[in-house]
Amino acid sequence: MTVTLADVAARARVSPATVSRVLNGNYPVAASTRDRVLRAVDDLDYVLNGPASSLAAATSDLVGILVNDIADPFFGIMAGAAQSEIGGPGDGSGRAGGEKLAVVCNTGGSPARELTYLTLLQRQRAAAVVLTGGALEDPVHQAAISAKLARLADAGTRIVFCGRPPLPGGGAVAASLAFDNRGGGRRLTEHLVSLGHRRIGYVAGPRERTTTRHRLEGHREAMRAAGLYGEGNGSTAHPDLERLTVHGPYDRRSGYEATLELLRRDPGVTAIVAANDTVALGAGAAVRGQGLRIPQDVSVAGFDDLPFSVDAVPALTTVRLPLFEAGARAGRLAMGKETPPPGGIATIAAELMVRDSTAPPRTG
C-alpha cells in the first residue's frame, strides 16, 4: 500500500502542511518537530514525489553514482566514464533525448551517508543507481543496504555495482562488475617472489572493506604458495604475515606512516606492497626518507595503475584495473544499453604492470 503525506503527518502527530514544510525545507520548523517528521518518514519508508515530470512515469531522468571520494582518481575515473554513457554524446542541439542526468554522490566512505543518498535517490524515483568501489563488511550495514536496494528495484530503479562484489544472494542488483582484486594481489606478490624477495611488507587498506580483504588474501596466498609462511592457526594468518602487515586508510599519509612502522618491525624488509598506488607514493617517500633507494635497497609496488603511476620516479610496478572501461560498462548497464552478464555477475581481470620500482633484492 502506498504511503501518503497524510500517513506521515498522522505518525508524526503534525499537520500535512508541516510535513510538507519539513521535506521541502522552505519554512522554519522547530528542531524537535523536524526530527519527529523525519523519523516518521523513515519508519514508513515514505517516498517524496520528485519533479512533476516524473509523476507520470515509474522513474525519473535521474541516475545516481555513489563514490567514496570523488577526489580519488580510482573513483573519479569510474564515475566520469559512467557519466559519459549516462549523459550521452547528445546531437548538438542542446535538447535532451534518451539521456539521463547523472548525479555523483560523494559518501566520504560513510555507511550512514551511503544509505542517506540511496534514500534521496529513492525519493527522486531515480532510473538507476551505480555503486562503485568495495563494500563495507558489516552485517548490519549489508542488511540495511540490501533492504534499501530491494525497495529501489521494486520501484523500477536499475541497480549496478562497479568494482564491488555482489551482495550475498544477488538480490535486487541487475549487474555486478567485480574486479579480480584477489588474483591481482596474488600475481603482484608472485612477481616479487620470482625476483628473489622473501621479506615483504604489506601496507593494507581499512580492515572492514572487501577490497582490502581480497587484495591481502591474494598477497598471502602467494607467500604461502612460495613456502615462505605456514597456514597459521585456523583462520588466523601466520604470525610473521601479521607482523609484516599494517592497516590504514587508502591515502598517501597512511602509506608513509605504515612503511616506517614496517621498517621498524623488520629493518631487513626488501619489498613493500601497497594497498593502492596513492598509498605506494607515501611508501616510497618513507623509504627514501630512511636513506634507502628504490628499487636497489627496497622495491615498492602499488595497485590500480592510476594515471600518475607511470610518471612516478621510478615508474611504479602495479596492477592495472580497467577503471574507465568498467565505469563505461556500468553506465551502459544502468541505461539498459547492454545486456547484463550471465547470472548478473562479471569478474574483471587485473593485469600486472612491471616497471622500474621493483628489482631483485640486493645481495651481500
Side-chain angles (χ1 to χ4, degrees), residues 72-74 181 184-207 211-212 215-216 218-220 222-223 226 228-229 237-321 350-364:
D72 184 336
F74 177 87
N181 285 305
R186 184 177 61 252
R187 283 187 286 277
L188 182 58
T189 299
E190 286 173 346
H191 163 66
L192 291 170
V193 170
S194 73
L195 291 175
H197 292 280
R198 295 298 180 265
R199 296 161 80 172
I200 303 172
Y202 192 95
V203 183
R207 291 181 184 275
T211 300
T212 298
R215 293 181 183 183
L216 182 56
H219 164 71
R220 289 179 170 176
M223 296 289 278
L228 300 179
Y229 299 103
H238 188 282
D240 282 343
L241 282 176
E242 291 288 358
R243 185 174 62 88
L244 291 178
T245 302
V246 178
H247 288 266
Y250 286 116
D251 58 32
R252 184 185 182 280
R253 180 177 179 178
S254 172
Y256 184 89
E257 294 177 348
T259 298
L260 291 180
E261 174 61 18
L262 286 169
L263 292 173
R264 184 194 66 79
R265 292 180 185 181
D266 187 347
V269 161
T270 63
I272 300 289
V273 177
N276 68 13
D277 292 344
T278 303
V279 174
L281 291 183
V287 169
R288 288 190 294 270
Q290 296 300 298
L292 301 170
R293 300 166 299 166
I294 303 171
Q296 294 91 336
D297 300 314
V298 178
S299 290
V300 175
F303 207 113
D304 292 337
D305 195 25
L306 298 178
F308 60 76
S309 64
V310 71
D311 295 319
V313 180
L316 187 64
T317 291
T318 184
V319 173
R320 181 181 186 272
L321 297 180
E351 180 184 0
L352 177 65
M353 309 295 291
V354 177
R355 300 192 179 114
D356 297 337
S357 67
T358 54
R362 185 176 58 179
T363 58

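- The CG atom of Leu306 sits 12.0 Å away from atom CG of Asp311, with the distance rounded to the nearest 0.5 Å.
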For residues 278-288, which side-chain donor-acceptor pairs fall under 3.5 Å, sequence neighbours excluded?
none

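- Under the side chain to side chain contact (heavy atoms under 4.5 Å, CB included) criterion, Pro361 pairs with His197, Thr270, sequence neighbours left out.
- Taking 4.0 Å as the cut-off between side-chain N and carboxylate O, Glu242 and Arg265 do not count as a salt-bridged pair.
- Not a single donor-acceptor pair under 3.5 Å links the side chain of Ser254 to the backbone N or O of Tyr250.
- Residues Ala275 and Gly205 share a closest heavy-atom pair of CB-N, 3.6 Å.
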Report task. Go through the steps to decide whether Glu190 and Leu352 satisfy the test side chain to side chain contact (heavy atoms under 4.5 Å, CB included), and finish with yes or no. Result -> CA-CA 10 Å; Glu190 286 173 346; Leu352 177 65; over 6 Å; no
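- Judged as a salt bridge (charged side-chain N to carboxylate O under 4.0 Å, His left out), and not counting sequence neighbours, the contacts of Asp297 are Arg293, Arg362.
- Atom OG1 of residue Thr358 and atom CD1 of residue Ile272 lie 13.5 Å apart, to the nearest 0.5 angstrom.
- Side chains of Leu321 and Phe303 form a contact here, defined as non-hydrogen atoms less than 4.5 Å apart.
- A donor-acceptor pair is defined here as one N or O able to donate and one able to accept, closer than 3.5 Å; such a pair exists between the side chain of Asp72 and the backbone of Phe74.
- Remark: the backbone N or O of Arg207 is not paired with any side-chain donor or acceptor of Thr212 at under 3.5 angstrom.
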Mind running salt bridge (Lys or Arg N to Asp or Glu O under 4.0 Å) on Glu261 and Arg264 for me, showing each step along the way?
CA-CA 5 Å; Glu261 174 61 18; Arg264 184 194 66 79; 2.5 Å; yes
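- When side chains are defined from C-beta on, Tyr202 counts as touching Arg215, because their heavy atoms get closer than 4.5 Å.
- Taking each heavy atom of Gly184 and Val319 in turn, the nearest pair found is O-CG2, 3.5 Å.
- When all heavy atoms are compared, the tightest approach of Leu188 to Ala301 is CD1-CB, 3.8 Å.
- Residues forming a side chain to side chain contact (heavy atoms under 4.5 Å, CB included) with Ser357 (at least two apart in sequence, or on another chain): Ile294, Pro314, Leu316, Thr317.
- Closest approach of Thr245 and Ala204 over heavy atoms only: CG2-CB, 4.2 Å.
- Residues passing the side chain to side chain contact (heavy atoms under 4.5 Å, CB included) test with Asp266, sequence neighbours excluded: Arg199, Arg243, Leu244, Val269.
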Practice task
Show the numbers, then the answer: is there a side chain to side chain contact (heavy atoms under 4.5 Å, CB included) between Val193 and Arg198?
Solution key: CA-CA 6 Å; Val193 170; Arg198 295 298 180 265; 3.7 Å; yes
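- Nearest approach of Gly302 to Thr318, heavy atoms of both residues: C-OG1, 3.3 Å.
- With sequence neighbours excluded, the residues satisfying side-chain hydrogen bond (donor to acceptor under 3.5 Å, both in side chains) with Ser309 are Asp305, Arg355.
- The structure places CG of Leu216 at 9.0 Å from OG1 of Thr189, a figure rounded to the nearest 0.5 Å.
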